Amino acid sequence: MTITGETIDYLAGLSKLRLSPSERESAARELDVIIAYMDRLNELDTADMAPMSHVLPVRNVLRPDEISPSMCRDALLECAPRRDEEAFIVPKTVE
Amino acid sequence: MTFETVVGLEVHLELATKSKIFCACAAEFGGAPNTQCCPVCTGMPGTLPVLNEKVVEFALRAGLALGCDITRHTKFDRKNYFYPDLPKSYQISQLYLPICRNGRLDIQTPAGKKRIRLHEIHMEEDAGKLIHDPLAGFTRADYNRCGVPLIEIVTEPDFRSAEEVVAFLEKLKSTLEYLEVSDCKMQEGSMRADVNLSVRPAGEAAFGARTEMKNMSSFKAISRAVEYEAKRQIEALAAGGGVAQETRRWDESRNRSFAMRAKENTQDYRYLPDPDLPPIDIDDDWYERVKASLPELADVKSARYRKAYGLPAYDADMLSAQKAMAEFFEEAVRLGAPPKATANWIMGDVFRLLKEKGLAAREMALAPDKLARIIALCGGGALNRHKAREVLAAVFDSNADVDAYVSAHGLLQISGEGPIRDAVAKVLAQNEKSVAEYRDGKAKVFGFLMGQVMRDMAGKADPNVIRKILEGALQP
Amino acid sequence: MPDILELSALELGREIRCGEIGVREAVSAVLDAMEKNAQNAYITVLRDRALSRAEAVQREIKGGGLSGPLAGVPAGIKDNLCTGGVKTTCASRMLSEFYPPYSATAVERLEEGGCVCVGKTNMDEFAMGSTGETSFFGMTQNPWNPAHVPGGSSSGSGAAVAAGQAYFALGSDTGGSVRTPAAFCGVTGMKPTYGTVSRYGLIAYASSLDQIGVLAKTAADCAAVFDLIGGRDKRDGTSLDTEAGTFLSGLTGDVRGVRIGIAEECFGAGLDESVRRHVLAAGETLKGLGAALVPLSMPLLRYAVPAYYLIACAEAGSNLSRFDGVKYGFRAENACDIRSLYEESRSRGFGLEVKKRILLGTFALSAGFYDAYYKKAQQVRGAISRAYAAAFSSCDLILAPVFPTTAPKLGEATIDPMQKYLGDIYTVSVNLAGLPGISIPCGFDEAGLPIGAQLIGPPLSDERVLNAAHAYQQATVYHTMRPGKERSAP
C-alpha cells in the first residue's frame, strides 16, 4: 500500500485538515514509511483472535436514570469563540 | 410495464427516560436553548460518557416486544463525521453489535395480515438542533437535544405501498406507547422516519437504485413523500433515464423532494468501538427480568377481548389500540360494567369527546368508575340514554361524582306512571288536532306526541313508559 | 537541615504536619525556583492562587481538618489535565486560551488532600511525543543538560521535579509519557494499572491507553499521591471498582522471593550499552535484596510499536475531532462557511506532529483499511496482553529498560519517523496490556545523563511494583541525585 499525495488529500478531507504543499508531501512520505512498517503485523496469524477493544474485563458500567442540574448556560457559552445570549454561532450551514 | 415500489424504513425514537443517555442532564423536550447541557453532552475536552441503565432496559423491552434476538454481548461504536449539531464530531451509536437483531411487526392491509421484518434495533445518542438565521447570515447551535437517548429501528425493505408504511408506523407507535418507552410524537421529534425507496419492474427480484428521504414530520407527509418519490422514480425509468442513489429532503410546503448536496452522500464514518464505554453483557437474569416486565400488548388484549367478552374484532382492536384506553375499559368492566355496553360507550361518546377536546386517551380526566356508574344508572332505568350522554359530557372534564351531578340537576328518569299520565293527559288536551289525525290513521303523529310528552317532562321520562301510557290514552 | 527543595514530598509533608515548615514557606520556595531557573517547565504559573491556597491549607492543617501525608505539598499539574478556571492548553495553539469550567477528578482529589497546585507543566502538544519538542510554548530544558531533551510527553513534569520546581507532578502516560521523562530527568515516574485513576478531566489522546501517572522523587512519594487520586470515579466508566489509600501503607521494602523476569528481547540489539549495563545492574541489586531473576522470552514485543501507533492514532484522530472552532478553543477568523471554519481552525490550531498522527489514525480506520490495520492492531493487542499474562505465570515483575538511549540531543530524534516511534519500544506494550509500570533512576551514562530502569507488573499489582521500586531505592542513591550537585562516580 503506497501512500500518495492523493491519499493524504482524502484523509485530510475526512479529518478536516488543510495541509500546505510541503506538509502534504512530508506527510505522504512519512506515512508511507510508517504504514510499510505496520505491515509487519501481518507476520502474526491473528485469524482466530478477537480484537481487544477494552483492555480490562470491565462490563456493565451503568448509572441510574436520575437528573442532576445542568451546567449553567453562561458557563458553557463562556468558552465559545462566537456566541450570542443563548447559543453557539457558526457560519450559515447549508442543508 | 408496471412497476413495484419497494420501501424500507429507518425509524428513530427518543426514549422516555428522565436523563440523557450519557450524562445526567434532563432529556425533556422544549427547554430554552442550551439550558439542559453540561460538559459531557457538549463534548468538552476531558469529559466522558457514562451509560444510563434505563436506556438499555427500554431498548431491551422494545426488542423483546418486537420479537427480536437480543445480542447478549453488545457495545457502542463511534460514528465519526463533522457537523455543527454534533459537539464531539462523532456520534456514539452501535454498528458492530447492535442490541437487537431481526424481529417483526405485523400490520393489517386490505389483503390481510402482513409481516414486516426488522433488521435491527440499536441505541444511539441524538444530535443537537441548528437554527438558521437567514437574515443575520449565520446559524445557531442548540445542544439541548445532544445526548437524548434514541433507538433506531431499521426494517427490511418489505413495504410495497404508502398505506403499508403508515400502518406500520401507527402500529409501531402504539406498541411503543404500550411499553412506555417512547411517547412517539412526530411533531415534537420524538419519532422520526427516513424512507428508503426504490422501484423495480413487477416480478423482478433485483432491487433498483434507492434514494433516502428525510424531513417528513407527520405520517401524512410520509405517505405523500412515498407516493411522490415512487412516481418520480417510475417516470424517470419509464422515460429511459436512471435513478441516482442519493439523499433527498422532503419539502412539505411544496409537496416534493429535493436532492441534497451529493457530497454528503458518500461518507466514510470510520467506526471504531468506543473505548470509553465498557461493553454490556446481558445475562439470563437480566433478560428474563425484562421479559417478565413486558405488559400484555395490544394484539393479545384484542384477542382476549374477543374471546372473553364476545366483542367483534373491530371493537376489540379499537379498544386495545392504546394502552390507556384498554386499561380504562378493563377497569370499568372490572367494576361491573357490562363489556359490550362499555365498549359501545367508549367507541361512541368517549372517543368523540376526546376528539373534540383534542386529548389523548392517557390525558383523559374521567375515571373508569364514573363511566361504569353512568352505564349502571342507564341500564337500570334511572337515566335514559339521552340524559346519560349528557351526564358523561358534563363530568368528562372534572371527573365529578355521577350521582351528585344527577341529583343536583334532577336528571333521574321518571318512570312512575302517575306523573306521566298527567303529562300525557295535558299534551293530548293541548293537541286535539293531532289526536284526531292519529285516530284517523296518521301513525307518524305518535312520534310528535311522544316528543311533546317528553318535552313536558323536561326529557326525564322513561320513553318506554310514555309509549305504553300514550298508546293506551290514544285508544278511542 | 537540607535545602527545603531537596526534601521528598513525604518528608516535606511530615515537616509541615509537625509545624517545622509552613505551607507558604514551601510554596514560596518552589515559586522562587520556578522564577530563577527558567527551564520552561511550566506553561502557566499560578503564583497568586497557590499562595492564597497555601494560606487556606495551613489554616485547615492547624485546625485539624487536613492531616494527610501530602497536605501542604506543592505540585505541578500537566497541562492536559483540566483545572477549573485555570488555563489548560495541552501545549497547543488550539487550546491556548481555554479555561475549562470544571476540574479533573485527579486534580480535585489532590486539592482535597491539601496539595497546592503551583502551575501547569509543559508537554508535547496533545501528549503526542516522547521528547517534549512539539510544544506550542517552546521546549522544556532537561535540567541535567539543556542541550538534551527532557523526554515527553510529560516533559515539564519531569523537569520540574528534577529541578526542585515541584515536589511531585501529575503527568499522563499513553505510550511512555510519564516513564520516559522520568528516566531522562532522573526522577521516579509511575503509570498505574489502566483504570486505577479516573480519566475524567484528562484531555484524551488515546482513551484505551491513557492513564494519569505521577512523577516524584521517590516511589514512596508516588504511592502517597496514588492513594489520594486513585479509586472509582462514577464520572469515568472505565475506572476500576477499587478503593484508593493502601499503596503507601503497603510498602514494606521487602522483595525476598519476588521473581523478576528479564526478557531477552528487551536487552538485544538497538539498546545503548550503558543503558543495558545499568538496567541489568539494577536487577542484580534487587537480586542482592532477595529477589530472583528469571529469564523470559517475549517475541510478540516486536509488534508492540506498530500495534500501539495504529490504535493510539486511530483513537486520537477521533478524540481530537471535537476541536472544530465551534464550542471552545482556537477559531479561524473570517471563515465563510462551515467547512472552511473547520479546516482553517484545525489546520492553524494543530501542530504538524498532531496533524500527522490524525492522518495516520484516519487511515487506519478508513473504509477498506480498517480490517488490515486497526482491527489487526487490536488483535495483536490481545495477543500481547495474553503474552504478558503467560509471562507473569513464571514471574512477579518484569525488569526492562525505559528507552533505548539516555536523553537524545535536541533536534536529533526527529529525522526518520519510524526510528522516532521505535524509541517507545519498551514502554508502549505496557499501555497496550493496561499494566502498571514504573521508571526508577538506576545510574548515569558517561555524559552524566540519567538512566531509568522499568519495573512492570500484572494488572492490579501496583503495590508490588511500588514496593520493589521502594526496596531498590532503600538500597541505592541514584534517585537522590539532582542536577548541578556533586555526586559519586556512577
Side-chain angles (χ1 to χ4, degrees), chain A residues 1 3 7-8 10-20 23 26-44 46-58 61-63 71-72 74-83 88-94, chain C residues 98-101 193-195 208 234 237-238 240 300 302-303 306-307 309-310 317 321 324-331 335-339 341-344 346-347 350 352 355-356 358-360 362-363 366 369 373 375-383 385 416-418 421 432-434 459:
Chain A
M1 171 70 214
I3 309 287
T7 321
I8 299 296
Y10 176 69
L11 298 174
L14 279 180
S15 29
K16 299 289 181 267
L17 292 172
R18 184 187 46 74
L19 300 175
S20 71
E23 286 176 331
S26 130
R29 240 186 314 111
E30 283 192 26
L31 239 65
D32 197 42
V33 170
I34 293 169
I35 296 299
Y37 191 91
M38 301 303 176
D39 285 338
R40 73 166 44 190
L41 291 178
N42 295 326
E43 291 169 17
L44 257 186
T46 55
D48 292 324
M49 297 187 194
M52 177 176 250
S53 54
H54 293 85
V55 65
L56 293 178
V58 182
V61 180
L62 301 165
R63 46 165 258 273
M71 181 164 276
C72 107
D74 279 341
L76 287 169
L77 290 180
E78 185 79 29
C79 302
R82 276 287 181 286
R83 51 169 288 199
F88 302 86
I89 306 279
V90 295
K92 192 159 86 84
T93 308
V94 178
Chain C
F98 176 59
Y99 292 82
T193 301
Y194 182 84
S208 74
K234 60 185 164 91
T238 60
L240 295 172
L300 290 188
R302 168 185 171 73
Y303 305 108
Y309 272 97
L310 287 171
S321 292
D324 57 10
V326 175
K327 299 116 12 213
Y328 39 76
F330 179 80
R331 178 180 177 119
C336 54
D337 58 27
I338 193 72
R339 180 179 146 181
L341 177 72
Y342 290 151
E343 284 180 358
E344 290 307 307
R346 290 166 63 75
S347 305
F350 291 139
L352 189 55
K355 285 190 234 185
K356 284 178 182 169
I358 291 175
L359 291 171
L360 173 57
T362 303
F363 175 81
S366 61
F369 298 110
Y373 293 98
K375 184 175 169 191
K376 182 81 184 178
Q378 292 283 44
Q379 289 168 316
V380 171
R381 179 179 194 169
S385 208
D416 177 340
M418 217 47 235
Y421 290 167
L432 284 172

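To find a chain, count down the sequence lines: A is the first, B the second, and so on, and within it residues start at 1. Source: prediction; values computed, not measured.
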> What's the shortest heavy-atom distance between Tyr328(C) and Pro81(A), and which atoms?
Replying inline: N-CD, 3.7 Å

> What's the shortest heavy-atom distance between Val55(A) and Gly434(C), and which atoms?
Replying inline: CG2-N, 3.6 Å

> Is there a side-chain contact between Arg302(C) and Arg40(A), using heavy atoms and a 4.5 Å cut-off?
Replying inline: yes

> Which one, Leu14(A), Leu56(A), Val33(A), leads in non-hydrogen pairs under 4.5 Å with chain C?
Replying inline: Leu56(A)

> Is the shortest heavy-atom distance from the side chain of Ser53(A) to the side chain of Gln378(C) under 4.5 Å?
Replying inline: yes

>> Which atoms of Leu432(C) are under 4.5 Å from chain A, going by heavy atoms: the side chain, the backbone, both sets, or neither?
In response: backbone

> Side chain, backbone, both or neither: which part of Ala50(A) has a non-hydrogen atom closer than 4.5 Å to chain C?
Replying inline: backbone

> Quick one: does Ile35(A)'s side chain get under 4.5 Å of Leu360(C)'s, heavy atoms only?
Replying inline: yes

> Out of curiosity, Arg339(C) CZ to Lys16(A) NZ, how far, rounded to the nearest 0.5 Å?
Replying inline: 6.5 Å

> So, do Glu78(A) and Pro101(C) sit near enough that their side-chain heavy atoms are less than 4.5 Å apart?
Replying inline: no

> Under a 4.5 Å cut-off applied to non-hydrogen side-chain atoms, are Pro417(C) and Ile34(A) in contact?
Replying inline: yes

> Side chain, backbone, both or neither: which part of Thr238(C) has an atom under 4.5 Å from a heavy atom of chain A?
Replying inline: neither

> Can you name the closest pair of heavy atoms from Tyr99(C) and Cys79(A) and give their distance?
Replying inline: O-SG, 3.8 Å

> Looking only at heavy atoms, what is the nearest atom pair of Pro91(A) and Ala335(C), with distance?
Replying inline: CG-O, 3.9 Å

> Who among Ile89(A), Leu62(A), Leu44(A) has the most heavy-atom pairs with chain C under 4.5 Å?
Replying inline: Leu44(A)

> Taking the side chain as C-beta and beyond, is there a heavy-atom pair between Leu359(C) and Ile8(A) under 4.5 Å?
Replying inline: yes

>> Tell me the closest heavy-atom pair linking Arg331(C) and Val90(A), and the distance in Å.
In response: NH2-CA, 3.9 Å

> Measuring heavy-atom distances to chain A, does Phe330(C) have an atom under 4.5 Å in its side chain, in its backbone, in both, or in neither?
Replying inline: neither

> What residue in Leu41(A), Thr7(A), Asn42(A) has the most heavy-atom pairs under 4.5 Å with chain C?
Replying inline: Leu41(A)

> How far does NZ of Lys375(C) sit from CE of Met49(A), to the nearest 0.5 angstrom?
Replying inline: 12.5 Å

> Where on Ser385(C) is there a heavy atom nearer than 4.5 Å to chain A: the side chain, the backbone, both, or neither?
Replying inline: side chain

> So Tyr303(C) and Glu43(A), side chain to side chain donor-acceptor pair (under 3.5 Å) or not? Walk me through it.
Replying inline: CA-CA 9 Å; Tyr303(C) 305 108; Glu43(A) 291 169 17; 2.7 Å; yes

>> Rounded to the nearest 0.5 Å, what separates atom NZ in Lys355(C) from atom CG in Leu11(A)?
In response: 14.5 Å

>> If we define contacts as heavy-atom pairs under 4.5 Å, which of Met38(A), Arg63(A), Met71(A), His54(A) has the most with chain C?
In response: Met38(A)

>> Set out, in order, the CA-CA distance, both residues' side-chain angles and the distance that settles side-chain contact (heavy atoms from CB on, under 4.5 Å) for Lys356(C) and Ser26(A), then state yes or no.
In response: CA-CA 9 Å; Lys356(C) 284 178 182 169; Ser26(A) 130; 3.2 Å; yes

> Quick one: of Glu23(A), Arg29(A), Arg83(A), who has the most non-hydrogen atom pairs under 4.5 Å with chain C?
Replying inline: Glu23(A)

> For Glu343(C) and Leu17(A), which heavy atoms make the closest approach, and how far apart are they?
Replying inline: CG-N, 4.3 Å

> What pairs with Tyr194(C) under ring-ring contact (aromatic ring centres under 6.0 Å, His included), at least two apart in sequence or on another chain?
Replying inline: none

